[in-house]
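Reviewing the structure listed below.
Residue numbers start from 1 in every chain, and the chains themselves are labelled A, B, ... in the order their sequence lines are given, proteins ahead of strands. It should be emphasised that the depicted structure is a prediction, and the values quoted were computed from it without experimental measurement.
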Amino acid sequence: MRAIVRQEQALDTALATPPHWTRLPRSFYRRHPAEVAPDLLNKILLRDDGRAARIVEVEAYAGSEDPAAHSFRGMTARNATMFGEAGHLYVYFTYGMHWGSNAVCGEVGDGLGVLLRAAEPMLGVDQMRRLRPAARRDRDLASGPGKLSQAFGITRKLDGADLVTGTGGIAIVSDGTPPPDDPVVGPRIGISRAVDYPWRWHVPGSLHVSVRGAVRKR
DNA sequence: GAGATGATGCCCT
DNA sequence: GGGCATCATCTCG
């Protein structure tokens, strides 16, 4: 309990550092991920040590209506967080080496989420560089789901963290920048089922997205 | 228990 | 644009 209080205070400190950053309400996440995802563009992923990056690319995953979603076949030990309360972080491990970060959406039991695919580093960039020695340029620090998770130190330990309150040491906040009016919409990446769902969005012109132009094949 | 398979990233060309 | 690294999780038996 005391640890939770410390974490929330730490987030408050981080929120106070750049003025006027605000939390998102829980209701923001209690919608279909295809609505939440584009609204997450230009929001800010924030850690309690001050690391911050603007979200520039996302994908929606829609539970039982989406064969590509981890939650498609129902709840398992791995994806249980995805079936919990909206606004929490669902973290999974894949390809034997990469972590993926999702914001849980909808209502309890739905298994809906938005994969955070790429972000533009804003604060704490030195720390991100230390965690991502392979990145040659700053645009490589978080230009992919695995890279983003690595730059933010996101592992299984953060599965279930509350992105609304910051409990767990990570949150998504707003600096008042609205989502883009004209986000780039296209097919999702790195999946083999339901590849034609146009559920990937990114900020037009951003140099920090995972793939620009042509869609990656699989 | 074994076998298959990824919501990928890196490096090289 | 392609090869490869590398293992948790799921599924089936």
Would you kindly compare A:H98 and A:R156 by the position of their nearest DNA chain C nucleotide and give the one closer to the 5′ end? A:H98
Inter-residue atom distance A:H98.NE2 - A:L148.CG, 0.5 Å rounding: 13.0 Å
Can you tell me the distance, in whole Å, between the CD1 atom of A:I154 and the P atom of B:dG9? 13 Å
Note: A:K43 and A:S174 closest approach over all heavy atoms is CD-CB, 3.9 Å
Do A:Y95 and the base of B:dG9 stack face to face, with centres under 5.5 Å apart and an angle between planes under 30°? no
Within less than 4.0 Å of OP1 or OP2 of C:dC7, is there a side-chain N or O belonging to A:T94? no
Give me the stems containing DNA chain C, sorted by first residue, counting only three or more consecutive Watson-Crick or G-U pairs with both distances under 3.5 Å; say none if there aren't any. B:1-6 with C:7-12, B:8-12 with C:1-5
Less than 4.0 angstrom between a side-chain N/O of A:R132 and OP1 or OP2 of B:dC10, yes or no? yes
For A:R73 and B:dA7, give me the distance from atom CZ to atom C1', rounded to whole Å. 14 Å
Nearest whole Å is fine: how far is C:dT11 P from A:M75 CE? 14 Å
Report the distance from atom CZ of A:R156 to atom CZ of A:R78, rounding to the nearest 0.5 Å. 8.5 Å
Test salt bridge (charged side-chain N to carboxylate O under 4.0 Å, His left out) applied to A:R193 and A:D66, step by step: CA-CA 9 Å; A:R193 289 181 289 241; A:D66 181 3; over 6 Å; no
Sugar-phosphate only, base, or nothing, as touched by A:A134 at under 4.0 Å among non-hydrogen atoms: sugar-phosphate
Among C:dA8, C:dA5, B:dA7, which nucleotide has an atom closest to any side-chain atom of A:Y61? B:dA7
Whole-Å gap separating C1' (B:dC10) and CD (A:Q150): 11 Å
Is the shortest side-chain N/O distance from A:R200 to OP1 or OP2 of B:dA7 below 4.0 Å? no
According to a strict under-4.0 Å criterion, is A:H70 in side-chain N/O contact with OP1 or OP2 of B:dA7? yes
Distance col, row A:R51:CZ vs A:L45:CG, nearest 0.5 angstrom, shows 9.5 Å
Output the distance between atom NZ (A:K147) and atom OG (A:S210), rounded to the nearest 0.5 Å. 7.5 Å
Please tell me which of the listed nucleotides, B:dA7, B:dG9, B:dC10, lies nearest to the side chain of A:M82? B:dA7
How close or far is atom P of C:dA8 from atom CG of A:D159, stated in whole angstroms? 16 Å
Do the ring planes of A:W199 and A:Y197 sit parallel (below 30°), tilted (30 to 60°) or perpendicular (above 60°)? perpendicular
Phosphate OP1/OP2 of B:dG6: any A:R78 side-chain N/O under 4.0 Å: no
Residues in contact with DNA chain C, drawn from residues 101-116 of chain A - heavy-atom cutoff 4.0 Å: none
To the closest 0.5 Å, what do you measure between CZ (A:R117) and NE2 (A:H208)? 16.0 Å
Think A:R30 forms a cation-pi with A:F28, using NZ or CZ under 6.0 Å from the six-ring centre and within 45 degrees of its axis? no
note: A:Y197, atom OH; B:dA7, atom P; distance rounded to Å ~ 15 Å
Would you indicate which nucleotide in C:dA5, B:dT8, C:dT11 comes nearest to any side-chain atom of A:M97? C:dA5
Would you kindly give the CH2-to-P distance between A:W99 and B:dA7, to the nearest whole Å? 15 Å
Whole-Å distance, A:R137 CZ to B:dC10 P, equals 11 Å
Salt bridge or not for A:D162 and A:R26, using N-O below 4.0 Å? yes
What nucleotide among C:dC10, B:dA7, C:dA8 has an atom nearest to a side-chain atom of A:T76? C:dC10
Scan A:G144 against the nucleic acid and name what it touches under 4.0 Å (heavy atoms): base, sugar-phosphate only, or nothing. sugar-phosphate
Straight-line distance of A:L24 CG to A:T22 OG1, nearest 0.5 Å: 6.5 Å
